[in-house]
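Written below as structure tokens is the structure these notes are about.
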Amino acid sequence: MRSSVYFYPTLKETPQEAQIVSHRLMLRSGMISQVTAGIYTWLPSGLKVLNKIAQIIRQEQDRAQSLEVLMPTIQPAALWEKSGRYHIYGKEMLRMVDRHEREMLYGPTAEEVITDIFSRFVKSYKDLPKRFYNIQWKFRDEIRPRFGIMRGREFLMKDNYSFDLTVEGAKASYQAMLEAYVRTFARMDLTAIPVRAATGPIGGDLSHEFQILAETGESEIFYDAAYETLDVNTITLERLQTLYAAADELHDPQTCPVPADQLRTARGIEVGHVFYFGTKYSIPLGAYVTGPDGKQVPVEMGSYGIGVSRLVGAIIEAHHDDKGIIWPESVAPFKVGLLNLNIKDKACTEMCEDLYQKLLQAKIETLYDDRDMGIGAKFADMDLIGLPWQIIVGPRSVTTGQCELKNRRTGEKIEISLEDVLKRMCYCG
RNA sequence: CGGGGUGUAGCGCAGCCUGGUAGCGCGCCUGGUUUGGGACCAGGAUGUCGGGGGUUCAAAUCCUCUCACCCCGACCA
């Protein structure tokens, strides 16, 4: 993509409404634009990142034997009256009335809809287990939206709902999601700590919040250092239940089982939440199956959320410096930024065009800054938007045949030939 | 919802106290000179001063109502 064609309105100055770094950088790099409190337009580069994150989540959900569905954003109140939540859910639920005076709502979550779907079609234990997920926009009319898209009112969320015959089956689903989550966040270069969370009266102790470690996190968490080496191969439900991790308000130094030298403390951003809730919705919504003994049994359910749009902010919180964003390659809007330092230098521009075409042919996502502007501004823009690699080509390159390859994260710069830089981009990452 | 604050050009702000031609920086447009870290010179465009009502000869400025947004708290992916 050429910068001259693309649209990423960068800002030199920070809009005064933005307080936290991810919000500032998203506005400054032209990823989003606020429409009204807690509601944003996603501009091209922001949307690109959002879609890449969603795609990683999708792949890991699929791998965990889950089926994607798309449910309506507008739901009928009647369904919520069935589950009993219509009158419990407070003002966070945006309610509206259609032309026939039917009460409707903009879905804050989808347990009701999915459970209804399930109960319509799944009748036998032989059809279990089933896991459905959706990635879609939800709306919660937060009292006070803040931190940009980190706590907006409209947000993109992945929710997975599992249906199992038995508690044991439900635990297996739970575990499958734990693994999927660890994998998902790892692919985004995030350290995620599954912190045991308080649940409602029905949830029991099976609930974990995934906290991303970032200096600017909203809550302080305390955890066993063993979490830092957690991976999909070692994570099990049993193991997790023996590992200690607690949020600020639940942490008690007196009763903490972790020896002081093993205890870590950091700030966290909640990006995911998994929990098992048994038959809380299956009973009122009539999600029963016929068991092997011919009896009707309510299914065991769990739900597993990931704040997709929030992750965009969380990743920035975890990956930035004073110059701007530092995207992990897996979610970067482009892998490479190609900087033409002098558009008016014919030979230099030819060299850039040639390299750009080769990068395109090699299917390397490239943002080619072909704009006619000061080099300082180009460098600043490129650092700000945070593409993992910068290939810098100037008039000097015409005589030396060398360009400069810069790693955005480390700041390391090397002189390298144009042929080699192409190869390097093909094989790294 | 309680407390605090802000609305003046695309962005960041000054002007308001003490009423009298609406300003600065950045950005934008034109021309030229530049070109390895937010360039320089010259010229130019851009405002219902958030909105309504009032006071006054005269309101960005004073009074009043209202709307929007931001921050702190309670709540949340």
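Computed from heavy atoms alone, side chains included, the values below leave out hydrogens, waters and symmetry copies.
By the 5.5 Å and 30° criteria, A:F155 is stacked with the base of B:A77.
The nucleotide B:U21 finds no pairing partner, because no Watson-Crick or G-U wobble arrangement with both distances shorter than 3.5 Å includes it. The partner of B:U46 is absent, by the rule that a Watson-Crick or G-U pair needs both atom distances under 3.5 Å. Across all strands shown, B:C40 pairs with B:G32; the Watson-Crick or G-U wobble distances both stay below 3.5 Å. Across the strands present, B:A74 finds no partner; the criterion is a Watson-Crick or G-U wobble pair with both atom distances under 3.5 angstrom. Under the Watson-Crick or G-U wobble criterion, with both distances below 3.5 Å, B:G7 is paired with B:C67.
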Test ring pair (Phe, Tyr, Trp, His ring centres under 6.0 Å) applied to A:F185 and A:F210, step by step: CA-CA 9 Å; A:F185 297 131; A:F210 278 79; 5.6 Å; yes

A:S173/A:R131 under side-chain hydrogen bond (donor to acceptor under 3.5 Å, both in side chains): CA gap, chis, key distance, verdict: CA-CA 8 Å; A:S173 289; A:R131 295 167 196 161; 3.1 Å; yes

Audit row: A:Y133, A:D62, side-chain hydrogen bond (donor to acceptor under 3.5 Å, both in side chains) steps and yes/no: CA-CA 9 Å; A:Y133 74 98; A:D62 290 347; 2.7 Å; yes

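Checking B:C76, B:U35, B:C69 against every side-chain atom of A:I375, the shortest atom distance belongs to B:U35.
In terms of position on RNA chain B, the residue among A:A377 and A:I149 whose nearest nucleotide sits closer to the 5' end is A:A377. Each of A:K378 and A:M150 lies near RNA chain B, and the nucleotide nearest A:K378 is the one positioned closer to the 5' end.
Taking only side-chain nitrogens and oxygens, A:Q34 comes nearer than 4.0 Å to OP1 or OP2 of B:C70. Neither OP1 nor OP2 of B:C69 sits under 4.0 Å from any side-chain N or O of A:R146. The phosphate of B:A74 has neither OP1 nor OP2 within less than 4.0 Å of any side-chain N or O from A:R144. Listed pair A:T36 / B:C69 meets the phosphate criterion, a side-chain N or O lying under 4.0 Å from OP1 or OP2.
Look at the C1' atom in both B:G3 and B:A59: the space between them is 31 Å, to the nearest Å. Taking atom P in both B:G27 and B:A39, the straight-line distance is 8 Å, to the nearest Å. Here the separation of B:U46 from B:G23, taken at their C1' atoms, is 14 Å to the nearest Å. One P atom belongs to B:G25, the other to B:C40, and the distance between them is 12 Å to the nearest Å. With both ends at atom C1', the span from B:C26 to B:A14 equals 15 Å, rounded to whole Å. Atom name C1', nucleotides B:C62 and B:G20: the rounded distance is 14 Å, in whole Å. Separation of the C1' atoms belonging to B:C63 and B:U56 is 12 Å when rounded to the nearest angstrom. Rounded to whole Å, the P atom of B:G19 lies 15 Å from the corresponding atom of B:C57.
Atom pair A:Q16:CD and B:A14:P shows a separation of 11 Å (rounding to whole Å applied). Computed from coordinates, the A:D381 CG to B:G27 C1' distance equals 12 Å when rounded to whole Å. Remark: P of B:A39 and CZ of A:R371 are 12 Å apart, rounded to the nearest angstrom. For the pair A:L50 CG and B:A77 C1', the computed distance is 14 Å after rounding to whole Å. One interatomic measurement links the two molecules: CG of A:L27 to C1' of B:G10, which rounds to 14 Å at whole-angstrom precision. Taking atom CZ of residue A:R28 and atom P of nucleotide B:G12, one finds them 12 Å apart after rounding to whole Å. The nearest whole Å value for the distance from the NZ atom in A:K406 to the P atom in B:G36 is 16 Å. Rounded to whole Å, atom C1' of B:U33 lies 13 Å from atom CG of A:N342.
Among the heavy atoms of the strands, none lies under 4.0 Å from A:S33. The residue A:L339 sits apart from the nucleic acid: no heavy atom pair falls under 4.0 Å. Here A:E17 lies in heavy-atom contact (under 4.0 Å) with sugar-phosphate atoms only.
In this structure, A:Y161 has its ring center at least 6.0 angstrom away from the ring center of A:F132. Checked against the 6.0 Å centroid criterion, the rings of A:Y276 and A:Y174 do not qualify as a close aromatic pair.
Side-chain contact between A:H319 and A:P328 is present, with at least one heavy-atom pair separated by less than 4.5 Å.
A:Y8 and A:Y6 have tilted rings, their planes meeting at an angle from 30° to 60° on a 0 to 90° scale. In this structure, A:W80 and A:Y89 have perpendicular ring planes: the angle between them is above 60°, well past the 30° mark.
With hydrogens and angles ignored, a donor-acceptor pair closer than 3.5 Å exists between the side chain of A:R151 and the base of B:C76. Checked by distance alone, A:E13 brings no side-chain donor or acceptor within 3.5 Å of a matching partner on the base of B:G27.
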